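Just so we're clear, the structure is a prediction, and the values are computed from it rather than from any experiment. Just so we're on the same page: letters track the sequence lines, and every chain starts at 1.
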Amino acid sequence: MTSTQTVLTGELRAVTRPHRFMARHASWIPVFAAVGILVAMVVGAQLYFGKFLTPRLVSSILLDNSYLLILAVGMTFVILTGGIDLSVGAVMSFTGMMGASLLRQGLPSSVVAPTMLATGALIGLGVGVLVQYFDVQPFIASLAGMFLARGLGFVVSLNSIKVTDRPILWLQGTRLQAGSGWYITPTGIIALLVVLVGAGLLAYTRFGRTVYAVGGNEQSARLMGLPVARTKLLAYVVSGTCAGLAGVIFTAYTGAAYPLNGIGTELDTIAAVVIGGTLLTGGSGFVVGSMIGVFVYGMIKTIINFLGVDQSWTRITIGALLLLFVVVQRLIVARSARRR
Amino acid sequence: MMSTMEDAQPLVQVTGATVRFRSDTALDGVDFRMFAGEVHSLMGENGAGKSTLIKALTGALALDAGEVRLGGEVVRFATPHDAHLAGISTVYQEIDLLPNLTVAENIALGREPRNRVGAIDWAATRRLAHDALAALGLEIDPASVLGTHPLAVQQLVAIARAISTDVKVLVLDEPTSSLDFDEVAELFRVIRELKARGVAILFVSHFLDQVYEICDRITVLRNGRLVGEYLTTELLRIDLVQKMLGRSAAALAERQTFDAPDDDSSVTLSARGVTVLPGIADADVDLVEGEVLGVAGLLGSGRTKLARALTGVDRLEAGIIRIDGQERRLSSPRRALSLGVVYSSENRRTEGLIGELSVLENITLALQAQRGVLRRIRSARQRELAASWVEALDIRPPDLDRPVASLSGGNQQKVLLARLLALSPRVIVLDEPTRGIDVGAKVEIQNLVGELADNGLSVVFISAELEEVLRVGTRVAILQDGRVVDVVPSEGLTTDSLLAMVARSEGDEA
Ligand SMILES: Nc1ncnc2c1ncn2[C@@H]1O[C@H](COP(=O)(O)OP(=O)(O)OP(=O)(O)O)[C@@H](O)[C@H]1O
Ligand SMILES: [Mg+2]
């Protein structure tokens, strides 16, 4: 019977030499694609309008989109785990309302701003607990978070609350000039710092790497002895905290808080993250990509402005780009599956 | 040495382990022990409860009754993470590491070296991974993404991960199912080293040769119950098989010979100059109606590539395929299927089974898809059909409505085989169809393939086990470096003479 199971000898080494660059960096390709699109847009606009790309314009894109950039960083964590966070727009709006109302009651911004962040973190934690321990779909759990935050915003006030707190307004109003029209505001600096911290967390900490692991295959990650539950919770907490911070930034940006702020912002955020090359199935993507995605988004808005056509074209263009990207990503995934 | 072990305290002691899945008892009061510095094998048929015991021991599953002692102390692991911290390192049967991360990360994940500020030290991580791989004799780029490597390499990486820490207990659940001889030899060298250092090693495999080569002690399970614990030296193979199957192994021993097809049988599939680079170049294959063509070749000789090229999975760069004398372009597996050609992948785990769906649905899925939604198969007919395959392949438990994810690894493989066979193809290309399947079922599957061929099916049978190729194949195609160098009748060949033919030119070139 099966007594002598002769198994063959062979050299693994010779067989397994995929192209070195591709074998190492395939997941960066969608990011390069996003950069390509950004460059193409800039060049195209430059040719069409004659004088388009100025230091002022670039500076203003960062200024106008810093809240989106912060949201996108948080969203990247969640999407990398294979989840989604629909609550961020509403959380941003609610923390803004709460903060503005606390400021109006005379609390110092040094207390109010941390409270806003903590509130965002708490809502994120709630969504995370629903997802992790009650096995609720991320879509549904964060939808619940969204309704809750939206409702709470209306509880604070039905009307716009003006913010007069000086430190908060300073964040937006200060333009640190760097000659020949370049400037940056503290909000922009904060947003870039968040990108830096986010990228660092993902690339250089065990938590960050576990985020990728969970998105790659949650079951495997668990069997490999990784702290899956904690990591998923933390990802939502990061996203919630970012939403809280975006609340601070957005309040500074508009100089007021309004309960209808940020409707649909969660979708813009997801679009930016996906355009930036993060796979919606999780496990592949980069914060830097999401930043590029936000810039693509901002660039489209600016170009539409230049064209003087209706801003609804922004949404249409984003939609088309999104479609393109999702298709391209599917192709990449299908190809790499085929190559094996 | 053994006698001193008898007096020594076991390092791992499981008593009365019971695991229930709803109403089924997968593990029923099993006692099990392991000593430091021994290699212990857990044997049993597909579904006997080996993986379940391992999961219960390592915190991946909770025990419904019984206890686990480690070094004399009662332990309760809530997660594999806890077990890991206690020094138990495990490679699970169904583990697919993380294809989206690099090889280095897959090895080091969760214990990456960190620098002073607490950030991961990537250079040190890659060094660690490189060393762990080198210990297994594997030289691959640690910075490459795992998903770009073939199955065998991924399996080795999983093993490298498990042995790259300070372990007290190393658990390997079918670690060698995708490995070839050389890699197994490397693995065994490492296992012996660990054993000498006093590590207790649990080794599960359906390859009896490997078990007898490396293990000191064998625990046999059957239907979730303990049959007994034996010293390898005192247990004859024939007795082991009988203990595993619970019936005499004599029936298995007799070699069934299959009819060679008549000389005037027509050629069903004929391939000329098939080329898909890299991997397969200028290969010619003729498949006669009702024959089993064995394919033998070294790892990397293009076995799987050939299978994929013949079945429309990979597009041909050159060459033609004729089916019944007509030239056909197999542009996709779907197209191949419509011509009656199907492929059973070596990587059955990730290709095709839908865990939450029932056995019935998984078997009839492709059949229904083939016929189109409009021509629905009556559900009574579906059940009948699925039941007949479940019986023919002896899928256990024979419950059509059970989700496939709840079957043991070997039985899941049989379900996939059933799905393909249910399509009633004319040509089936089987790539490693008996991998992970127990000794009894293996012979049954081999016999089934023979019977199907006798009924007119043409089969290409690819296996790394030469004995199996010889047993099933009426002719054997010899693959070397992506070329079919010869096709010989299997009659009169021995595994040794076949091995010589397969390896010949490689040796000459080197
Ligand atoms: N999640 C589950 N739900 C229900 N039943 C299960 C589940 N996992 C395993 N079982 C059942 O438990 C029994 C033992 O399965 P186990 O995976 O331990 O077998 P095994 O000995 O490892 O087999 P193999 O050699 O095929 O890997 C089988 O009958 C299986 O159907
Ligand atoms: Mg098993």
Side-chain angles (χ1 to χ4, degrees), chain A residues 1-27 80 200-201 203-210 212-231 279 281-285 333 336-340, chain B residues 60 79-81 83-84 90 92 95-102 105 109-110 112 118-120 138-141 143-145 147-150 152-153 161 180-184 207-209 237-238 241 249 252-253 296-301 314 439 442-443 464-467 495-496 499 502-503:
Chain A
M1 68 146 303
T2 38
S3 51
T4 48
Q5 268 143 342
T6 316
V7 184
L8 300 181
T9 53
E11 272 295 317
L12 267 182
R13 232 169 292 159
V15 199
T16 67
R17 183 129 293 174
H19 192 288
R20 191 176 165 102
F21 179 83
M22 279 304 286
R24 283 188 173 191
H25 303 296
S27 55
L80 279 177
L201 275 179
Y204 287 103
T205 65
R206 288 186 183 170
F207 160 63
R209 300 322 294 174
T210 311
Y212 283 91
V214 171
N217 186 339
E218 190 170 330
Q219 173 70 0
S220 292
R222 200 175 73 89
L223 287 180
M224 283 166 82
L226 301 173
V228 170
R230 191 177 74 200
T231 304
L279 287 188
T281 45
S284 173
V333 171
S336 62
R338 214 184 151 92
R339 251 187 321 131
R340 267 205 264 167
Chain B
T79 62
H81 188 54
H84 199 99
T90 314
Y92 294 95
I95 196 166
D96 299 302
L97 294 176
L98 299 161
N100 58 326
L101 297 183
T102 65
E105 290 199 80
L109 209 57
E112 298 96 333
I120 294 173
L138 191 63
E139 273 188 41
I140 54 173
D141 178 12
S144 57
V145 174
T148 61
H149 295 287
V153 174
R161 173 180 174 84
D180 270 13
F181 189 77
D182 272 3
E183 289 91 57
V184 173
F207 295 104
L208 295 190
D209 273 1
R237 280 176 200 236
I238 193 100
V241 172
L252 298 175
L298 302 175
L299 183 61
S301 62
D314 289 337
V439 279
K442 201 172 210 160
V443 176
E465 284 174 57
L466 292 184
E467 192 194 35
T495 48
D496 288 335
L499 182 61
V502 161

Please rank A/Gly200, A/Gly215, A/Ala203 by heavy-atom pairs under 4.5 Å with chain B and give me the top one.
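Winner by heavy-atom pair count: A/Ala203.
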- Which one, A/Arg209, A/Arg206, A/Gln219, leads in non-hydrogen pairs under 4.5 Å with chain B?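 Top count of heavy-atom pairs under 4.5 Å with chain B: A/Arg206.
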_Proximal component of B/Glu105, with respect to chain A [non-hydrogen, under 4.5 Å]_ =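 For B/Glu105, side-chain heavy atoms alone lie under 4.5 Å from chain A.
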Chain A heavy atoms under 4.5 Å from B/Leu109: which part of the residue, side chain, backbone, both or neither?
->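 Both backbone and side chain.
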On a heavy-atom basis, which atom in [X] and which in [Y] lie closest, and how many Å separate them?
X        : Y        : answer
B/Leu97  : A/Ser220 : O-OG, 3.8 Å
A/Tyr212 : A/Gly285 : OH-O, 2.6 Å
B/Leu466 : B/Ala296 : CD2-CB, 3.7 Å
A/Gly225 : B/His81  : O-ND1, 2.5 Å

Look at B/Ala119, B/Gly118, B/Ala143 and state which one has the largest set of heavy-atom pairs under 4.5 Å with chain A.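 Looking at each option in turn, the highest pair count goes to B/Ala143.
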Holding to salt bridge (Lys or Arg N to Asp or Glu O under 4.0 Å), I want the full list of residues that pass it with A/Arg222, two or more places apart in sequence or in another chain.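 Result, salt bridge (Lys or Arg N to Asp or Glu O under 4.0 Å) vs A/Arg222: none returned.
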